[in-house]
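Worksheet: the structure to be examined is printed underneath.
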Number of protein chains: 2
Amino acid sequence: MQDVARRAGVAPMTVSNVVNGHPHVREATRARVLEAIAELGYHLNTAARSLRQGRTGVIGLAISDFSNAYFGLLAGFVAERAAAHGYEVLVEQIGQRREGEVDAIARSRLRKFDGLILHSTELADRDSAMLRSSYPIVVMGERAYSDPIDHVSMGNEDGALMATRHLIERGCRRIALIGGRHGAPDDIDVSTQRTRGYLRALDEHGIDRSNGLVLETPLHCEGGRSSAHAVVEHPGGVDGIFCATDEVAIGTLRALYERGIRVPNDIKVIGFDAIPVGSYTAPSLSTVEPDHEGMADAAVRLLIERLQGDRPEDEYREIVGGARLLIRESTAVSSPF
Amino acid sequence: MQDVARRAGVAPMTVSNVVNGHPHVREATRARVLEAIAELGYHLNTAARSLRQGRTGVIGLAISDFSNAYFGLLAGFVAERAAAHGYEVLVEQIGQRREGEVDAIARSRLRKFDGLILHSTELADRDSAMLRSSYPIVVMGERAYSDPIDHVSMGNEDGALMATRHLIERGCRRIALIGGRHGAPDDIDVSTQRTRGYLRALDEHGIDRSNGLVLETPLHCEGGRSSAHAVVEHPGGVDGIFCATDEVAIGTLRALYERGIRVPNDIKVIGFDAIPVGSYTAPSLSTVEPDHEGMADAAVRLLIERLQGDRPEDEYREIVGGARLLIRESTAVSSPF
DNA sequence: CTGAAAGCGCTAACAG
DNA sequence: CTGTTAGCGCTTTCAG
């Protein structure tokens with residue numbers, strides 16, 4: 001910047017003013033400076049600027065796994081909302097291991113970003129103490145914390161309730177849950193929360209909680225496939241399957257296809273997450289669509305309030321995103337084809 | 001750091017040595033420093049370190065769209081390879097618009113990262129001049145450049161050749177290409193390159209290039225679906241469809257399902273990219289699997305060679321990744337179910 | 001509208 | 001093994 005200033009015959013400060021588009025620079029001066037910049041191939045040094053300004057203009061988004069369609073959706077929305085507030089988003093993959101998340105928090109303290117949106121999957125309650133630094137963090141995901149913290153979660157239980165009710169309304173009485181889990185009362189990961197909604201719907205309608213119809217399995221396609229093969233052999237039979245995620249549901253549809261079981265005629269299937277490919281499965285997948293966009297917006301807003309000190313340090317917010325039913329062919333009365 | 005040093009009764013430099021794990025610090029001193037750090041809640045300031053060191057330890061990965069399964073795969077591999085070299089990866093979404101890519105390049109020059117892996121989709125040849133700064137960039141993607149540059153591309157033409165040959169070997173003679181494009185000779189995006197491989201296979205086997213069997217369409221599910229609906233009404237009939245991407249293929253399978261056309265019995269379908277969900281479609285999707293991992297590895301290696309000055313400034317590399325056939329049910333002789 | 005001075009927090013280099 | 005010095009490149013502040 002010094003070199004540019006010398007070349008343009010101005011002070012470094014003027015170069016800075018030009019680079020930052022400050023208004024009070026005479027047109028002729030600006031032109032000379034820009035010319036000098038071009039001639040010298042000068043580029044602003046971000047590290048120096050950040051050091052001086054004490055901010056980076058970047059929000060970090062830490063997610064567990066790039067190759068999950070759900071995170072792709074979310075990241076896109078977060079980036080868009082942040083841009084609207086003048087922030088850039090950089091995404092970091094932290095892996096599903098707990099160490100990764102703790103790592104991300106530790107690194108975030110290095111102030112590489114102005115703040116962090118942490119999409120937690122495996123972060124245990126006891127780690128939340130780490131989040132209690134003054135560093136601005138918003139946690140997204142299905143885990144609740146006893147420590148106060150800004151948190152955006154999904155309407156998991158309500159969504160699962162809606163999905164299961166929908167199956168019941170369509171006449172299903174022997175409804176399996178693939179990817180569920182009977183956890184401890186304070187256990188609130190995706191599986192346990194969605195299981196609660198499922199059980200509430202059954203109770204509501206006076207349907208027995210038959211043993212063996214809640215299958216615990218990893219929440220991906222293969223988990224769904226193998227569990228579906230198992231569940232259709234349940235002695236009491238099955239006429240509806242609620243899958244804890246769309247990926248699980250895709251694996252389930254696959255298993256039923258392999259066995260020649262017709263969906264929705266023989267068994268109805270519903271998922272959760274509304275990943276895009278669900279419109280194109282055969283049959284297309286009924287599902288619960290969380291308000292991804294609203295949640296991304298909320299997370300960004302909470303973080304930016306923090307960054308700008310718009311909220312007292314010790315005041316935290318808990319936001320639960322909405323969810324709505326997306327009814328497609330896999331829960332139709334009978335197949336349209 | 002000064003405060004920590006004062007508290008621990010040492011010089012700032014010693015604090016730095018402790019923080020960075022340098023070996024020559026007495027155990028007692030280290031302990032005192034760590035204690036002071038904990039007491040004061042001190043955190044290293046990354047901006048200052050980067051300014052001083054002239055490096056950030058971060059590689060940027062600019063991709064066009066988070067919500068594409070292919071990019072998720074790639075990003076995961078890139079992150080892993082970079083970590084092996086002691087670099088962290090931050091991912092930036094730049095959108096599919098050309099402006100976005102130029103933007104990313106411009107911003108990259110701000111030296112936010114030590115180097116950039118740019119996965120281009122719409123970057124035109126004329127923009128490649130922008131890449132000719134001394135800033136370390138590796139371009140990935142299906143576009144070639146006349147300007148010299150480090151470039152990792154995919155074996156698109158060979159992959160398409162293999163896919164189409166495979167359909168022919170399975171007895172198809174009326175083979176459509178959905179998502180293809182007859183471009184200018186120097187036009188080398190995904191669609192045109194894959195079209196070339198397709199045409200070569202037809203020529204090889206003396207099969208006519210029937211009019212109307214190459215359909216240009218956006219490379220996503222809906223593009224595949226609507227084009228498939230159109231192509232099956234082709235007067236000459238169709239017995240095989242090569243889809244330019246797996247997403248297109250998923251849309252195609254969907255359209256055939258809607259029409260009650262059996263795959264593979266009536267029409268065989270093959271895709272390209274090997275996205276994970278392709279194993280779970282009904283029928284499962286035969287496809288071309290590019291060596292994603294090898295390409296990610298190559299890109300990281302090229303970039304790090306640059307960062308470390310292991311290669312003369314004016315020496316550039318062009319690496320083409322391999323591809324292999326993944327044969328599943330959608331091109332079987334007849335359905336196993 | 002432009003400039004001079006000062007310092008953000010860190011670490012390379014070298015001295016003790 | 002520990003300390004001193006200096007400066008990375010920028011922008012805030014205040015003075016012209």
Side-chain angles (χ1 to χ4, degrees), chain A residues 1-37 40-58 86 106-114 133-135, chain B residues 1-37 40-58 86 106-114 133-135 307-308:
Chain A
M1 197 175 249
Q2 298 253 15
D3 297 344
V4 173
R6 204 169 311 130
R7 178 135 192 161
V10 298
M13 203 47 236
T14 303
V15 179
S16 174
N17 284 331
V18 169
V19 168
N20 293 290
H22 287 197
H24 303 301
V25 182
R26 211 190 304 150
E27 207 32 72
T29 314
R30 176 192 311 283
R32 255 186 307 141
V33 169
L34 289 176
E35 193 186 343
I37 286 176
L40 296 175
Y42 163 81
H43 301 298
L44 185 60
N45 178 316
T46 315
R49 167 186 278 181
S50 298
L51 175 57
R52 183 60 241 233
Q53 294 190 143
R55 63 185 296 274
T56 62
V58 177
R107 261 176 294 164
S108 75
R109 289 182 159 167
L110 306 183
R111 321 237 147 204
K112 192 165 282 176
F113 313 120
D114 293 340
S133 74
S134 61
Y135 185 74
Chain B
M1 197 174 248
Q2 297 254 15
D3 296 344
V4 173
R6 204 167 316 129
R7 178 135 193 160
V10 299
M13 201 49 235
T14 303
V15 178
S16 174
N17 284 332
V18 169
V19 168
N20 292 290
H22 287 198
H24 303 302
V25 181
R26 209 190 306 148
E27 206 34 69
T29 313
R30 173 191 312 282
R32 253 184 309 140
V33 169
L34 289 176
E35 192 185 345
I37 286 176
L40 296 175
Y42 162 81
H43 302 298
L44 186 60
N45 179 316
T46 317
R49 167 188 279 181
S50 298
L51 176 57
R52 180 63 239 231
Q53 293 190 146
R55 64 185 294 276
T56 63
V58 177
R107 261 175 295 165
S108 76
R109 288 182 160 165
L110 306 182
R111 323 236 148 207
K112 193 165 281 177
F113 313 120
D114 293 339
S133 73
S134 59
Y135 186 75
L307 294 183
Q308 306 186 336

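Each chain gets a letter, A, B and so on, in the order the sequences are listed, and its residues count up from 1. What you see is a predicted model, and the numbers here were worked out from it, not measured in a lab.
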Nucleotide N/O to protein N/O under 3.5 Å, stretch nucleotides 12-16 of chain C:
residue	atom	partner	partner atom	Å
C:dA12	O4'	B:Arg52	NH2	3.4

request  = Could you state the atom-to-atom distance from CG of B:Leu44 to C1' of C:dT11 in whole Å?
outcome  = 10 Å
inquiry  = Can you measure B:Arg49 atom CZ to C:dC8 atom P for me and round it to whole angstrom units?
reply    = 19 Å
query = By salt bridge (Lys or Arg N to Asp or Glu O under 4.0 Å), which residues pair with A:Arg52, not counting sequence neighbours?
reply = none
query = With a non-hydrogen cut-off below 4.0 angstrom, is A:Thr29 in contact with a base, only sugar-phosphate, or nothing?
reply = sugar-phosphate
message = Could you work out, with side-chain hydrogen bond (donor to acceptor under 3.5 Å, both in side chains) as the rule, every residue matching A:Thr29, not counting sequence neighbours?
response = none
message = Looking at every non-hydrogen atom in both residues, tell me the closest pair between A:Gly57 and A:Asp114 and how far apart they are.
response = N-OD2, 2.7 Å
query = If you look only at pairs with a residue in residues 12-22 of chain B, which of them pass as a side-chain hydrogen bond (donor to acceptor under 3.5 Å, both in side chains), with sequence neighbours excluded?
reply = B:Ser16-B:Asn20, B:Asn17-B:His22, B:Asn20-B:Arg49
ask   = Using a heavy-atom cut-off of 4.0 Å to chain A, what are the terminal contacting nucleotides of DNA chain D, in 5' to 3' order?
value = D:dG9 to D:dT12
ask   = When you match A:Val19 and B:Ala48 each to their closest nucleotide on DNA chain D, which lands nearer the 5' end?
value = B:Ala48
message = Quick check on C:dT11: is either OP1 or OP2 less than 4.0 Å from any side-chain nitrogen or oxygen of B:Asn20?
response = yes
key: Sequence-distant partners of B:Gln308, side-chain contact (heavy atoms from CB on, under 4.5 Å), two or more places apart   = B:Ile304, B:Asp310
task = List for me each residue that meets salt bridge (Lys or Arg N to Asp or Glu O under 4.0 Å) alongside A:Arg32, sequence neighbours excluded, and say none if there are none.
result = none
Pair listing, salt bridge (Lys or Arg N to Asp or Glu O under 4.0 Å) test, anchored in residues 8-22 of chain B, at least two apart = none
Going by atom type alone, with no hydrogens or angles, which donor-acceptor pairs under 3.5 Å involve a side-chain atom of residues 3-13 of chain A and a protein atom two or more places apart or on another chain?
residue	atom	partner	partner atom	Å
A:Arg7	NE	A:Glu39	OE1	2.6
A:Arg7	NH2	A:Glu39	OE1	2.8

inquiry  = With each end axis built from five pairs of C1' atoms, what bend angle do you get for the helix from C:dC1-D:dG16 to C:dG16-D:dC1? Round to 10°.
reply    = 30°
remark   = Here the pair of heavy atoms bringing B:Tyr42 nearest to B:Val19 is CE2-CG2, 4.3 Å
